[in-house]
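Lettering of chains follows the sequences in order, A, B, ..., and the numbering in each one begins at 1. On a predicted model such as this, the values are computed, not experimentally measured, just so you know.
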2 protein chains.
Amino acid sequence: MATATHCCENEEKIAHILEAAQKRFGLYGLGKTTMQEIASDLGTSKGSLYYYFPDKGHLFRAVVEKEQSLFLSFVEDKIRELTDAEMMLKAYVKIRQTYFRTFLNLSRFRLEDIREIKPLMEETWADFEKKEKVIIRKIFSKGIRDGIFSISELERTVSLFLHLMKGLHHRKTKNKGIFYLEPEEYASLIKDDNLFTEIFIKGLKYK
Amino acid sequence: MATATHCCENEEKIAHILEAAQKRFGLYGLGKTTMQEIASDLGTSKGSLYYYFPDKGHLFRAVVEKEQSLFLSFVEDKIRELTDAEMMLKAYVKIRQTYFRTFLNLSRFRLEDIREIKPLMEETWADFEKKEKVIIRKIFSKGIRDGIFSISELERTVSLFLHLMKGLHHRKTKNKGIFYLEPEEYASLIKDDNLFTEIFIKGLKYK
DNA sequence: GTTTTGACTATTTTGTTCTAAAAGTCAAAA
DNA sequence: TTTTGACTTTTAGAACAAAATAGTCAAAAC
């Protein structure tokens with residue numbers, strides 16, 4: 001065990017590793033990043049990384065999970081400030097847009113990379129989806145409670161909303177080998193997101 | 001030139017080839033189907049196929065285009081029978097579901113296959129999308145004219161609707177190497193489609 | 001003249017081996 | 001407890017041969 005004065009060293013070290021890994025993975029993807037490079041960036045040795053992470057895949061996963069939880073807590077915070085379900089949903093969509101642009105740097109994660117370690121990541125993606133659904137469900141439930149939304153199948157509607165949004169983003173980014181959008185393509189995606197949200201919200205409202 | 005009594009032989013032959021090719025492509029995909037197999041199915045020789053189609057890619061494309069135009073004319077017919085924009089849109093979605101299940105046998109076309117001859121097919125997909133948009137635009141326009149839909153950005157809304165639907169289908173079929181859905185997955189997709197259509201229509205309606 | 005044929009060539013895919021690079025291990029050192 | 005770097009193992013890629021398949025064409029059949 002570490003002494004009292006060094007109680008945070010371990011976590012700090014891990015945080016540093018995650019930071020360095022995130023930079024490399026974010027820029028070059030999983031396949032084009034070596035453990036050696038990450039170690040060199042940190043001025044440490046490769047073997048050291050294996051003291052903290054069992055393998056490259058788990059390091060990658062840790063980076064992704066860190067970004068996911070950053071996104072989730074950011075959304076939670078923003079939503080807590082709001083009182084109106086409609087506003088909440090719009091805020092959620094907006095933050096999600098930003099998240100995919102800046103936080104996770106998904107624009108740089110290559111498609112292949114994500115498939116490469118599919119078995120390991122599957123649980124992570126599923127878990128993230130669950131957590132996103134919790135948020136959306138909360139928003140929809142509030143809307144129902146407040147008498148502005150009329151939703152007969154809550155679970156299916158939550159799932160549908162998320163799938164529609166994911167699908168919308170996916171369609172725009174596929175067909176290219178990598179996740180990357182030209183500025184005007186991105187702007188168009190935002191517009192689509194907003195129009196979608198507007199129509200969907202209106203579609204949920206009481207008449 | 002063929003004589004009067006044989007005026008349709010050429011087209012008949014082509015139709016036969018398309019039929020045989022469609023069966024093979026539908027079952028095994030582009031990559032796992034050989035020209036020899038198609039020829040053997042027809043009791044003819046490989047060289048004969050090349051008399052009618054310049055190469056395998058063009059044969060594949062012809063099969064896809066035939067299925068696409070079957071779908072389009074079927075939708076057009078159904079919609080002509082209806083008077084209400086809401087019903088039209090629901091009919092369109094329903095036929096689209098059937099189409100992807102039975103007509104095009106997309107469930108069997110493998111993802112890789114479609115990318116394999118991407119440059120050749122790109123125009124075909126784009127053309128199909130245009131034609132789908134024409135139909136959706138017609139329906140939306142009718143809804144506006146009849147005073148049941150309130151749409152400020154018609155073009156974007158048409159495009160959004162199609163993209164949302166495509167995305168919804170895509171999400172369900174990806175993650176597997178091939179387009180295939182278990183019956184209960186398919187049933188769930190249909191339910192999602194219907195809920196989506198309902199919410200979207202409500203979202204378009206005048207208040 | 002139109003269509004079909006099958007032997008032909010060209011191209012692509014597949015399997016193999018080899019090599020270099022990177023992943024991952026571990027006993028010794030800090 | 002953590003780090004190190006030499007070590008072994010695994011994977012990715014290049015190069016090549018072999019097999020399968022696409023695509024051609026002159027001659028034959030209709």
Discussion item. Any salt bridge linking Lys202(A) with Glu198(A)? Criterion: basic side-chain nitrogen under 4.0 Å from a carboxylate oxygen.
Written reply: no

Discussion item. Using whole Å, what does the distance between atom P of nucleotide dC26(C) and atom OH of Tyr51(A) come to?
Written reply: 15 Å

Worksheet item: What orientation do Phe149(A) and Phe140(A) show, parallel under 30°, tilted 30 to 60°, or perpendicular over 60°?
Response: perpendicular

Worksheet item: Is the shortest side-chain N to carboxylate O distance from Lys133(A) to Glu129(A) below 4.0 Å?
Response: yes

Worksheet item: Can you check the Phe60(B) CZ to dG23(D) C1' distance for me, whole Å?
Response: 19 Å

Response to the item:
If one requires at least 3 consecutive Watson-Crick or G-U pairs with distances under 3.5 Å, the stems of DNA chain C turn out to be C:1-30 with D:1-30

Worksheet entry | Parallel, tilted or perpendicular: ring planes of Phe161(B) versus Tyr92(B), cut at 30 and 60 degrees | tilted

Worksheet item: When the distance from CD of Glu12(B) to P of dT3(C) is rounded to whole Å, what number comes out?
Response: 13 Å

Practice prompt. Report yes or no: do Glu184(B) and Ser188(B) form a side-chain donor-acceptor pair below 3.5 Å?
Written response: no

Item to complete: Can you tell me the distance, in whole Å, between the OH atom of Tyr52(B) and the P atom of dA22(D)?
Response: 20 Å

Response to the item:
From CD1 of Ile117(B) across to P of dG23(D) the rounded distance in Å is 11 Å

Worksheet entry | Phosphate contact (dT4(C) OP1 or OP2) by Lys13(B) side-chain N/O below 4.0 Å | yes

Worksheet item: Given atom CG of Leu30(A) and atom C1' of dA12(D), what is their separation to the nearest angstrom?
Response: 14 Å

Worksheet item: Taking the side chain of Asp55(A) as heavy atoms from C-beta outward, which of dG24(C), dA23(C), dT3(C) is closest to it?
Response: dG24(C)

Fill in: Close residues, residues 41-50 of chain B, relative to DNA chain D [heavy-atom separation under 4.0 Å]
Lys46(B), Tyr50(B)

Worksheet item: Whole Å only: how far is the CD1 atom of Ile38(A) from the C1' atom of dG24(C)?
Response: 14 Å

Fill in: Of Val75(B), Ile136(B), Leu82(B), Ile135(B), the residue whose pairing with Met88(B) passes side-chain contact (heavy atoms from CB on, under 4.5 Å)
Leu82(B)

Practice prompt. Could you verify whether a donor N or O on one side chain and an acceptor N or O on the other, from Gln36(B) and Ser40(B), lie under 3.5 Å apart?
Written response: yes

Worksheet item: Short question: side chain of Thr33(B), backbone of Gly29(B) - any donor-acceptor pair under 3.5 Å?
Response: yes

Worksheet item: Below 4.0 angstrom, N of the basic side chain to O of the carboxylate: do Asp77(B) and Arg80(B) qualify?
Response: yes

Discussion item. Taking the minimum atom-to-atom distance to the side chain of Lys56(B), which one of dT4(C), dG23(D), dG24(C) wins?
Written reply: dG23(D)

Worksheet item: In whole Å, what is the span from the CZ atom of Phe53(A) to the C1' atom of dA22(C)?
Response: 19 Å

